[in-house]
Enquirer: 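Sharing a structure here in structure tokens format.
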Amino acid sequence: KFSPKFQHLTCFVPGMLALGSKTLNRPDDLELAKQLTYTCFQMYNQTATGLGPEYVLFRDSSDKGLLPTNHKDDFDIEDLPAADSSEINNGYYLGYDRGYLLRPETAESIMILYRITGDVMYKEWGWQIFQAIEKWTKTPAGFSAYRDVMSTKRDSQLTDSMESFFLAETLKYLYLLFSPADYFSLDEYVFNTEAHPFKIQRGHAQT
């Protein structure tokens, strides 16, 4: 079945496509990666805080989709009311969970797209996201997840929790975005799911 939910977790896909495009010489995959990265960035760019929610929702051409209050069944498609001005402007609408968990996937793809294309636009996107993280989630003891990315009442939105992947991945990818391209070059290293760099082994081992 089709679900019109686009999760923040999915935002690693454009980076994966871009790496595959470079490795396998598939230019169409790079164009798709650029478009998906744009969508992932807009999940941040269009909120009141500049932070990205756990997911966004889309309606199909017949005005069907998931109701914003639905938080149990990703495939319970229903008729939707007319789109409001926010949805028309953004191209998506927000669902039940508007929290930001300090996730790394968008930063990961932005870093990879910058390394592969050299387009400084990706640095600008990354800097904008970093500034939002600093403004809304930084605390004296660290950084906190945020309950509702559309709320600017900061103190009531901090959850007093910080996932380990924020240090291991989110900040690492943002750091790499602003580092020289030959620092852990994507031609020499591959990053695993938790952003640990592994040296690419060329050729076959001798027996």
Side-chain angles (χ1 to χ4, degrees), residues 2-61 65 83 86-95 100-133 149 165-166 169-198 200:
F2 171 77
S3 174
K5 175 186 282 190
F6 187 86
Q7 298 191 37
H8 192 292
L9 288 167
T10 313
C11 285
F12 81 93
V13 171
M16 177 186 70
L17 289 172
L19 288 172
S21 172
K22 179 180 180 182
T23 303
L24 303 174
N25 190 26
R26 294 167 57 105
D28 290 347
D29 286 354
L30 180 57
E31 293 308 309
L32 178 57
K34 292 177 181 178
Q35 294 171 23
L36 289 172
T37 305
Y38 175 81
T39 299
C40 292
F41 170 67
Q42 292 304 323
M43 289 173 66
Y44 288 75
N45 192 43
Q46 300 295 341
T47 67
T49 57
L51 301 172
E54 269 292 275
Y55 62 85
V56 295
L57 301 169
F58 298 93
R59 69 176 63 219
D60 65 19
S61 58
S86 175
E87 181 184 350
I88 292 172
N89 180 62
N90 298 343
Y92 63 78
Y93 59 101
L94 297 179
Y100 173 63
L101 299 184
L102 305 167
R103 291 200 184 277
E105 292 81 15
T106 296
E108 176 184 5
S109 285
I110 286 175
M111 183 276 289
I112 292 172
L113 266 290
Y114 172 69
R115 289 281 186 99
I116 288 177
T117 68
D119 190 336
V120 295
M121 171 185 69
Y122 295 109
K123 275 191 171 182
E124 294 169 358
W125 290 0
W127 180 242
Q128 181 176 319
I129 289 172
F130 176 73
Q131 287 182 305
I133 292 171
V149 297
F165 56 65
F166 177 68
E169 300 180 67
T170 308
L171 289 184
K172 184 184 293 181
Y173 287 129
L174 289 170
Y175 181 82
L176 289 171
L177 174 63
F178 295 99
S179 299
D182 60 356
Y183 184 69
F184 288 96
S185 168
L186 297 181
D187 293 324
E188 299 179 13
Y189 290 88
V190 62
F191 292 87
N192 73 359
T193 305
E194 299 304 318
H196 301 306
F198 285 84
I200 297 173

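Computed over heavy atoms, backbone and side chain alike; hydrogens, waters and symmetry mates excluded. All values derive from a computational prediction rather than experimental measurement.
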Enquirer: Check this for me: Tyr175, atom OH, are more than 12 non-hydrogen atoms of other residues, nucleotides or ligands nearer than 6.0 Å?
Expert: no
Enquirer: Provide the closest heavy-atom pair for Thr49 versus Val149 in the form atom of the first, atom of the second, distance.
Expert: OG1-O, 2.8 Å
Enquirer: Kindly indicate, with the supporting measurements, whether the criterion side chain to side chain contact (heavy atoms under 4.5 Å, CB included) is fulfilled by Met121 and Leu113.
Expert: CA-CA 10 Å; Met121 171 185 69; Leu113 266 290; over 6 Å; no
Enquirer: Rounded to the nearest 0.5 Å, what's the gap from CG on Leu36 to CD on Glu31? Could you check?
Expert: 11.5 Å
Enquirer: How close do Ala18 and Ile112 get, heavy atom to heavy atom, and via which atoms?
Expert: CB-CG2, 4.1 Å
Enquirer: Do the ring planes of Phe191 and Phe184 sit parallel (below 30°), tilted (30 to 60°) or perpendicular (above 60°)?
Expert: tilted
Enquirer: Run the side chain to side chain contact (heavy atoms under 4.5 Å, CB included) test against Phe12 and tell me which residues pass, sequence neighbours left out.
Expert: Met16, Glu105, Glu108
Enquirer: Considering the options Phe165, Tyr44, Tyr55, which one meets the ring-ring contact (aromatic ring centres under 6.0 Å, His included) requirement together with His8?
Expert: Tyr44
Enquirer: For Gly95 versus Leu57, what's the shortest heavy-atom pair and its separation?
Expert: CA-CD1, 3.8 Å
Enquirer: Would a distance-only check, ignoring hydrogens and angles, find a side-chain to backbone donor-acceptor pair under 3.5 Å from Thr37 to Pro14?
Expert: no
Enquirer: Glu54: which residues meet the salt bridge (Lys or Arg N to Asp or Glu O under 4.0 Å) condition with it, sequence neighbours left out?
Expert: Arg103
Enquirer: Show the nearest heavy-atom pair for residues Glu169 and Ala195, with the distance to one decimal.
Expert: CG-CB, 3.7 Å
Enquirer: Relative to the ring of Tyr92, is the ring of Phe58 parallel (under 30°), tilted (30 to 60°) or perpendicular (over 60°)?
Expert: perpendicular
Enquirer: If you compare all heavy atoms of Val56 against all heavy atoms of Pro53, which two are closest, and at what distance to 0.1 Å?
Expert: CG1-CG, 4.0 Å
Enquirer: Check whether any side-chain N or O of Thr170 sits under 3.5 Å from a backbone N or O of Leu102 as a donor-acceptor pair, and report yes or no.
Expert: yes
Enquirer: Between Thr47 (side chain only) and Gly52 (backbone N and O only), is there a donor and an acceptor less than 3.5 Å apart?
Expert: no
